[in-house]
Novice: 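Here's a structure for you.
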Amino acid sequence: MHFIGIDIGTTSICGVIYDFLNQKTEAINVENESGIAVDNSWEKIQDPQWIVACVIQIIKKFESKYSDIKGIGITGQMHGIVYVDNNGNAVSPLYTWQDNRGNLILNNNITYAEFLTDYSGYDLSTGYGLVTHFYNIKNSMLPQSAVKLCTIMDYTVMKLTGRTEPLTDHTNAAGLGFFNAREKKFDLSSLGSIGIDISMLPEIGESAALTGYYNSNIPVYSAIGDNQAGFIGSVRDRKKSIHVTVGTSSQLSIFSKEFFKVSSLDTRPFPGGGYILVGAALSGGQSLSVLQSFFDSVIRVSSRNTTEVADFYEMINALDYTKGDPAGLTVTTLFNGSRSNPFGRGSISNISTKNFTARDLILGFIRGICNEIYDFYSKMPYELKKDKHIVIGSGNAIKKNNLLCRVLEETFNFRVVKSGHDEDAAFGACIAAVVGGNYVPGFDTIQ
């Protein structure tokens, strides 16, 4: 009895097949090469057809090895949108969560995202689907044949099942913006008052709801957000655990049965009930890519062999480090700004004649990542934090980087345990299919 989970990430697309009875997994990871060349630096778009084709190829590879596939669950990059026509076909690119058009100026030095936040009272950032949609309306960029908008995961479900209209769940609907998380519905009044046609919104259903069948016989379940899927795929004990994931971005998540509203944190619906409070950094693991590019450029400049590159993670993990190591350089890793300050940027300070070294630079970057994550934790309500004593770490930057785990432990003063799966969000999507097929009573029973 096997279940497939697909995670449509920004930089890679991963499939996991889960042997439910024997508790074993197998993964396929493909680089996401769907990026589309653009004329404007603020645009970040991808080809939805390429993504769907890639997903289907992953499913076919699993089908060729396993004949007893009982369900398919989908997750992926939140916030972004695709426009579809009456036949359920994409009539636009995928505008990803990294798209920056919401930070362009609307009028009077106010950005589109700032205007919508001030007008509606919701915390809205560039990359949120309905911010992107508002910009497209104002700039006459709405495809003429568009009748609905949806996430890339919802669109993939449509293509797998033959649906012509998108169905989204609460986790993905919340990622689009203008969503009342307490009541679990879009704020239709606010949307209508700014000129957004509410008929373009996707239908909202329950998480892991049966949406149709792939190849007429394999059940496909409604997609869930990758933040929630990663939590489900990593965390065994919600009451005692803090979930930290460091991939392209980084996130800190804590589960709550009750609704909390905290400034600079997102309160996101959780499949099966409850919420997760989330602090989301825009750089996270990408900060290490910035540092890697710097070291590669230094090697090219200083070496006659211009193709020579260092094994970056091997270099990091080989560093001699002990708890309480002197602080050295102070690095702020806001290379993409933050949700609250999109125009903020990173910095390196406390430079002396002795600490401007490769070692101190690496430690400074890693401490900067950990400090940004811990800042989110410090804002969490005490009643949610008081019983937490373990950090569950997921994402490739944590899996590959022992030094990051050690500094994270020192920062939190908690033990850091790496999650048991290489692809946590895709595994969480497998679990969604297990729950959707009623093979277990619900998400709260998963251990």
Side-chain angles (χ1 to χ4, degrees), residues 9-13 29-46 77 96-100 103 126-127 245-250 281-321 325-338 341-373 395-408:
T10 312
T11 57
S12 65
I13 298 175
N29 203 305
V30 179
E31 186 176 349
N32 188 339
E33 298 178 344
S34 66
I36 298 173
V38 294
D39 296 326
N40 302 299
S41 61
W42 43 264
E43 290 184 280
K44 292 290 185 292
I45 57 177
Q46 294 180 335
Q77 47 177 301
T96 78
W97 65 275
Q98 293 179 315
D99 190 272
N100 215 32
N103 282 338
T126 192
T245 183
V246 184
T248 303
S249 59
S250 64
L282 299 181
S283 296
Q286 191 179 14
S287 301
L288 295 178
S289 297
V290 170
L291 185 58
Q292 181 178 9
S293 296
F294 169 74
F295 281 122
D296 288 347
S297 69
V298 170
I299 291 170
R300 286 194 294 270
V301 167
S302 60
S303 173
R304 293 181 180 179
N305 181 4
T306 57
T307 62
E308 182 180 353
V309 294
D311 187 323
F312 184 63
Y313 283 102
E314 182 178 316
M315 178 173 64
I316 289 178
N317 288 323
L319 282 183
D320 181 27
Y321 177 80
D325 213 326
L329 299 176
T330 301
V331 180
T332 303
T333 53
L334 299 177
F335 302 112
N336 293 313
S338 66
N341 181 17
F343 301 108
R345 288 298 177 263
S347 65
I348 302 172
S349 60
N350 197 39
I351 301 174
S352 73
T353 57
K354 295 182 179 180
N355 67 11
F356 196 55
T357 67
R359 178 182 183 278
D360 283 287
L361 195 58
I362 291 169
L363 286 175
F365 266 68
I366 288 177
R367 283 198 176 103
I369 294 169
C370 293
N371 287 339
E372 188 173 11
I373 294 169
N396 285 334
I398 284 182
K399 298 292 180 65
K400 294 180 180 179
N401 192 335
N402 294 328
L403 180 59
L404 176 60
C405 291
R406 294 170 67 186
V407 175
L408 201 59

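In what follows, every heavy atom counts, from backbone to side chain, and hydrogens, waters and symmetry copies are set aside. The first residue in the sequence is number 1, and the count goes up from there. What you see is a predicted model; the values in this text were computed from it and never measured.
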Novice: Examine Phe294 together with Phe365 and report whether their ring centres are nearer than 6.0 Å.
Specialist: no
Novice: Please report the shortest heavy-atom distance between Thr333 and Ser287, naming the atom on each side.
Specialist: CB-OG, 3.5 Å
Novice: Working to the nearest 0.5 angstrom, can you tell me the gap between Glu33 CD and Ile13 CD1?
Specialist: 9.5 Å
Novice: Which heavy-atom pair separates Phe295 from Met315 by the least distance, and what is that distance?
Specialist: CD1-CE, 3.9 Å
Novice: For a quick test of reading the model, state the closest non-hydrogen atom pair linking Gln77 to Gln46 and the distance between them.
Specialist: NE2-OE1, 3.2 Å
Novice: Do Asn350 and Leu329 come close enough that some side-chain heavy atom pair is under 4.5 Å?
Specialist: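 The answer is no, as the side chains (C-beta and beyond) never meet within the 4.5 Å cut-off.
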Novice: Can you check whether Phe312 reaches Leu291 side chain to side chain, under 4.5 Å on heavy atoms?
Specialist: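 They are in contact (side-chain heavy atoms under 4.5 Å apart), so the answer is yes.
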Novice: Looking only at non-hydrogen atoms, find the nearest pair between Lys354 and Thr357 and report the distance.
Specialist: O-CG2, 3.7 Å
Novice: Is there a side chain to side chain donor-acceptor pair (under 3.5 Å) between Asp296 and Ser293 once you walk through the steps?
Specialist: CA-CA 5 Å; Asp296 288 347; Ser293 296; 5.5 Å; no
Novice: Between Ser283 and Leu334, is any pair of side-chain heavy atoms under 4.5 Å apart?
Specialist: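 No, too far: nothing below the 4.5 Å cut-off.
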Novice: Minimum heavy-atom separation for Arg345 to Phe335, with atom names?
Specialist: CD-O, 3.7 Å
Novice: First locate atom CG of Asn32, then atom OG1 of Thr96, and finally report the distance between them rounded to the nearest 0.5 Å.
Specialist: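 Interatomic distance, Asn32 CG to Thr96 OG1, rounded to 0.5 Å: 10.0 Å.
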Novice: What distance do Lys400 atom NZ and Leu288 atom CG have between them, rounded to the nearest 0.5 Å?
Specialist: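 Rounded to the nearest 0.5 Å, the NZ-CG separation comes out at 10.5 Å.
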Novice: Once rounded to the nearest 0.5 Å, what's the spacing between atom CG of Leu319 and atom CD1 of Ile366?
Specialist: 7.5 Å
Novice: Say whether, by atom type as modelled, one donor and one acceptor occur between the side chain of Asp99 and the main chain of Lys44 under 3.5 angstrom.
Specialist: yes
Novice: In Å and rounded to the nearest 0.5 Å, what is the CG to CG distance from Asn355 to Asp360?
Specialist: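 Spacing of CG (Asn355) from CG (Asp360) equals 5.0 Å.
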Novice: Would you mind reporting whether Trp42 and Asn103 have side-chain heavy atoms less than 4.5 Å apart?
Specialist: no
Novice: Does some side-chain heavy atom of Asn401 sit less than 4.5 Å from a side-chain heavy atom of Leu403?
Specialist: yes
Novice: Taking all heavy atoms of Val331 and all of Gly364, pick out the closest pair and write down the distance.
Specialist: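 Scanning both residues completely, I find the closest heavy atoms to be CB-O, 3.3 Å.
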Novice: Could you grab the distance from atom CD1 of Ile316 to atom CD1 of Ile362, nearest 0.5 Å is fine?
Specialist: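 Rounded to the nearest 0.5 Å, the CD1-CD1 separation comes to 5.5 Å.
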Novice: Taking C-beta and beyond as the side chain, do Ile373 and Val246 meet within less than 4.5 Å on heavy atoms?
Specialist: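 SC-SC contact between Ile373 and Val246 confirmed.
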Novice: Taking the side chain as every heavy atom from C-beta outward, state whether Ile348 and Ile351 have any pair of such atoms under 4.5 Å apart.
Specialist: yes
